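To start, the structure itself, in structure tokens.
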Amino acid sequence: MTQDTQTKEDFFTQRSHFCGDVTADQVSQTVTLNGWVAVNRDLGGLIFIEMRDRSGFFQIVADPEKNPQVHGILSGLKAETVITATGPVTRRPEDTYNPNLPTGEFEIYPTSVEVISRSKTLPFQLDDEADLVDEGLRLKHRYLDLRRPKMHQNFLLRHQVAQAIRNSLNSQGFLEIETPILLKATPEGARDYLVPSRVHPGQTFALPQSPQIFKQLLMVSGMERYYQIARCFRDEDLRADRQPEFTQVDLEMSFVNQEDVLSTVEDLLCQVFSVSGITLEKPFRRMSWQEAMEKYGSDKPDLRFGMEFIDLTDIFTTSEFSAFRQQVEKGGVVKALMVKGAASYSRKELDDLQVMAKRFGAKGLAYIVYNEDGPKSPILKFMSEAEQQAIQQRTGAETGDAVFFAADSFNAACAVLGRFRLLFGEKHNLIDKNRHEILWVTDFPMFEVDDAGNLSPNHHPFTSPRPQDLELLDTDPGKACSLGYDVVYNGAEIGGGSVRIHQRDLQAKIFKLLGLTDEEAHEKFGFLLEAFEYGVPPHGGLALGLDRIVAMLAGEDSIREVIAFPKTNNAACPLTSAPSAPSEEQLKELHMAWVLPEEEAEA
RNA sequence: GCGGCGUUAGUUCAGUUGGUUAGAACGCAUGCCUGUCACGCAUGAGGUCAGGGGUUCGAGUCCCCUACGCCGCGCCA
């Protein structure tokens, strides 16, 4: 205890060291530690307290014979009491070293201790098992959940990643510039969060879904290279890897081509991944969207395992097997997956695959199983001997293997087999968790074409087409590819961007293809188009999903584990009970009134 | 908006075919215990079985509705 209250200048004695920083250098030196009681092991005589701060743990010992006063204070202290302990660092008796603790060879017998504040019994225990505690409860008491060393590690990692991003971009000539949070709603894309304003009755701001427009304006401003670790908001339903508010690493560069952007981001990602001790090879692999779909059935292929699709379309152009031949005649494809060892699937497993295929939007999943007494399949009887041989030869299937087929339009067949590729990869443990496969997927189609033939932008309406595809815009715009690119890590899209259109004529043509009139285009993006009247540099950029990147580096499945105060699945905050109803006065001031659905109005 | 799974002690869970007084571990409380580190030992408290309705002689258990949570589909330029 600090005895002399007359000279006391603080409510507590400040630490000289952090718990985890005490080493052999401090032995016999007097230190003061501040922290929480993690565990109190009271042996009746000796008391061992494991003290915790952000840096780690340190053991405090109290001996009733050596210092009855200190022993008295520490006796019966509950977990999570905040204390100060001062005393000389001593080496533990050698047979009592704790190898599980970095400071496990040391301890202090304090000469003084202070209880700074006490804790109620916790709603859940802050041990490793807290990961299993109901997430709602963890979020309700997030300040306790965040006390756990694992969570500290996650946020240390997040901090280091943010630093790596800034280091890399700063050294590459980028300026960090903030853009507005309250902005004009753009009627496209995700649903906006709207913010009413007292001074503008009947009008709202929208929260940014991304700083897209502003970063392009900054290029018009001649800022040359901009970045921002930007919060973005989308009022859409959630997923494990999706939050209504999330963080993008947003960047944009002027007078660059696609290759410049990719190489800049490669430097950035190499630095980011090195935070976790992962070395990425530059340049990253490049794969066109077409190739990714053709071989892996996904625009974010997981390259940690092979199992590429095998194209069998040509085998069935003149086949007697009409189910396949008709798809080919309609311009579709026949694609196959060869799965080693899948011949051992039970009847039930094969049936389950059919159910899943239907859920994925296919009619079913045709298969041939190769077991010891030859190939077995419900579709075998429709195929000629030559076709059967061609299949086995092309796929390389051997006894014990199975081949699964999808015959459909290119997109549908690839999509279905892509889902099954991941499923089989998981099921057969083909995914090497120690591999780090990063790649660029490039040459995305400019447009998505709906059933009625309407075009919508695959990325966004400012994405430039490839120079070599300009003519296709007139002849067959559905086939035109863009200068858009995604960066994909272990089967997850962690970022994407594009080279933007800086030519007025071209932008007008794209708007026209998208079915936007001049008036509509100006209504939506007038300020950007106007800015583009005053000399616009060629520019391009990209945005990375920071939450997802950090979660993957931390080995977490959910981005909520790397967001300090995340929302629940319901887009609500259990800690603060947000959102909540505004007061009558607030509504009145905003000139607003609710028009609620019946049943909610009663609540 | 839709589907799946879940909700039992403070926490994590078990709870048989619908049948007496709903259990365990950890935590908590009290006592004992002088080298623990998942300390140990003993005793004890602690339950609106999420809420509502129904079936039944009888419901934690079966059915329906609601709420909440997680996962997925739609959605997310």
Side-chain angles (χ1 to χ4, degrees), chain A residues 38-51 57-66 71 75-76 78-80 90 92-101 103-105 107 109 119-141 144-145 186-192 209-210 212-213 232-244 246 356 359-361 419 444 446-448 455-463 482 484 493 496-498 510 514 516 524-525 543 545 557-558 560 567-572 574 599-600 603:
Chain A
V39 194
N40 183 351
R41 285 183 284 271
D42 187 340
L43 270 56
L46 288 178
I47 291 173
F48 296 94
I49 284 183
E50 230 173 85
M51 191 169 171
F57 296 88
F58 197 83
Q59 177 161 283
I60 313 292
V61 197
D63 185 330
E65 285 164 19
K66 286 185 181 163
H71 182 271
S75 171
K78 288 176 68 139
E80 302 308 319
T90 53
R92 299 191 195 182
E94 205 164 329
D95 56 334
T96 65
Y97 286 176
N98 182 356
N100 302 320
L101 232 51
T103 60
E105 293 183 17
E107 61 194 4
Y109 287 85
S119 170
K120 295 204 292 186
T121 299
L122 300 175
F124 57 93
Q125 287 158 254
L126 304 184
D127 53 23
D128 296 339
E129 309 228 322
D131 274 346
L132 306 173
V133 170
D134 174 69
E135 205 178 338
L137 191 70
R138 285 175 58 203
L139 292 183
K140 186 170 177 188
H141 303 276
L144 294 178
D145 192 37
T186 50
E188 299 211 0
R191 297 184 183 92
D192 283 318
Q209 297 181 18
S210 81
Q212 182 61 40
I213 302 276
C232 307
F233 306 86
R234 294 177 189 175
D235 190 2
E236 294 292 347
D237 288 334
L238 283 66
R239 290 287 188 285
D241 60 356
R242 213 195 290 160
Q243 281 274 299
F246 59 99
M356 251 176 274
R359 206 183 302 152
F360 295 160
R419 303 284 291 264
F444 278 78
M446 275 292 284
F447 306 105
E448 282 170 19
L455 303 179
S456 60
N458 200 327
H459 185 50
H460 61 53
F462 315 114
T463 302
S482 72
E493 181 202 327
S498 63
I510 298 299
L514 292 172
L516 281 178
K524 290 177 178 180
F525 313 112
D557 290 330
S558 166
R560 273 177 254 121
K567 301 282 187 283
T568 65
N569 229 14
N570 209 5
E599 61 275 11
E600 287 174 42

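Please read these numbers as outputs of a predicted model, since none were measured by experiment.
- When distances are taken from the side chain of Val39(A) to each of C39(B), C37(B), G74(B), the shortest belongs to C39(B).
- For the pair Asn98(A)/Arg92(A), a side-chain contact is recorded, criterion being any heavy-atom separation below 4.5 Å from C-beta on.
- No N or O donor and acceptor, one from the side chain of Glu94(A) and one from the base of G35(B), sit under 3.5 Å apart.
- At a cut-off of 3.5 angstrom, counting only N and O atoms as typed in the model, there is no donor on one side facing an acceptor on the other between the side-chain of Arg234(A) and the base of C76(B).
- Between Thr568(A) and Gly104(A), the residue anchored closer to the 5' end of RNA chain B is Gly104(A), taking for each the nucleotide with the nearest heavy atom.
- In this structure, the nucleotide among G35(B), C33(B), C37(B) sitting nearest to the side chain of Asp42(A) is C33(B).
- One atom, CG of Asp241(A), and another, P of C71(B), lie 9 Å apart when rounded to the nearest Å.
- Evaluation of the ring-ring contact (aromatic ring centres under 6.0 Å, His included) rule for Phe233(A) yields no partner, not counting sequence neighbours.
- Picking from G35(B), C75(B), U11(B) the nucleotide with the shortest atom distance to the side chain of Thr96(A) gives G35(B).
- C73(B) atom C1' lies 13 Å from atom CG of Asn569(A), rounded to whole Å.
- Between the side chain of Arg239(A) and the base of G74(B) there is at least one donor-acceptor pair of N/O atoms closer than 3.5 Å.
- Side chain Arg242(A) to base C75(B): a donor-acceptor pair is found below 3.5 Å.
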Output one line per pair: protein atom, nucleotide atom from nucleotides 26-29 of chain B, and distance, for all N/O pairs under 3.5 Å.
from: C26(B); atom 1: O2'; to: Gln125(A); atom 2: OE1; distance (Å): 3.4
from: C26(B); atom 1: O2'; to: Gln125(A); atom 2: NE2; distance (Å): 2.7
from: C26(B); atom 1: O2; to: Gln125(A); atom 2: OE1; distance (Å): 3.4
from: G27(B); atom 1: O4'; to: Gln125(A); atom 2: OE1; distance (Å): 3.1

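- Note on Leu101(A): nothing from the nucleic acid sits closer than 4.0 angstrom, heavy atoms only.
- When the shell of 6.0 Å around CG of Asp557(A) is examined, it contains 12 or fewer heavy atoms from other residues, nucleotides or ligands.
- Residue contacts shown for Arg560(A) are limited to sugar-phosphate atoms, with no base heavy atom under 4.0 Å away.
- Once the 5.5 Å centre distance and the 30° plane angle are applied, the aromatic ring of Phe48(A) is found stacked with the base of U36(B).
- One can place CG of Asn100(A) at 14 Å from P of U36(B), the figure rounded to the nearest angstrom.
- Residue Asp237(A) places a side-chain atom within donor-acceptor reach of the base of G74(B), judged by atom type and a 3.5 Å distance cut-off alone.
- Whole-Å rounding puts the Arg138(A) CZ to C70(B) P distance at 11 Å.
- Tyr109(A) places its OH atom 10 Å from the P atom of G35(B), with the value rounded to the nearest Å.
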For RNA chain B, the dot-bracket notation using Watson-Crick and G-U wobble pairs below 3.5 Å, [ ] for pseudoknot-type crossings and | for other-strand pairs, is (((((((..((((.....[...)))).(((((.......))))).....(((((..]....))))))))))))....
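- Of all nucleotides listed (U36(B), C37(B), C76(B)), C37(B) comes nearest to the side chain of Asn98(A).
- For the pair Arg419(A) and Gln212(A), nearest-nucleotide mapping onto RNA chain B gives the more 5' position to Arg419(A).
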Between Arg191(A) and Glu236(A), is the salt bridge (charged side-chain N to carboxylate O under 4.0 Å, His left out) condition met? List the steps. CA-CA 6 Å; Arg191(A) 297 184 183 92; Glu236(A) 294 292 347; 2.7 Å; yes
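- Remark: P of U8(B) and CG of Asp134(A) are 9 Å apart, rounded to the nearest angstrom.
- Taking atom CG of Leu46(A) as the reference point, atom C1' of C32(B) lies 16 Å away to the nearest angstrom.
- At a threshold of 4.0 angstrom between heavy atoms, the contacts of Gln59(A) include nucleobase atoms, whether or not backbone atoms are also involved.
- When Ile60(A), Thr96(A), Leu43(A) are each tested for a side chain to side chain contact (heavy atoms under 4.5 Å, CB included) with Phe48(A), only one passes: Leu43(A).
- Contact check for Gln209(A) versus Asp192(A): side-chain heavy atoms found under the 4.5 Å cut-off.
- Atoms CG (Leu43(A)) and P (C37(B)) sit 8 Å apart, rounded to a whole Å.
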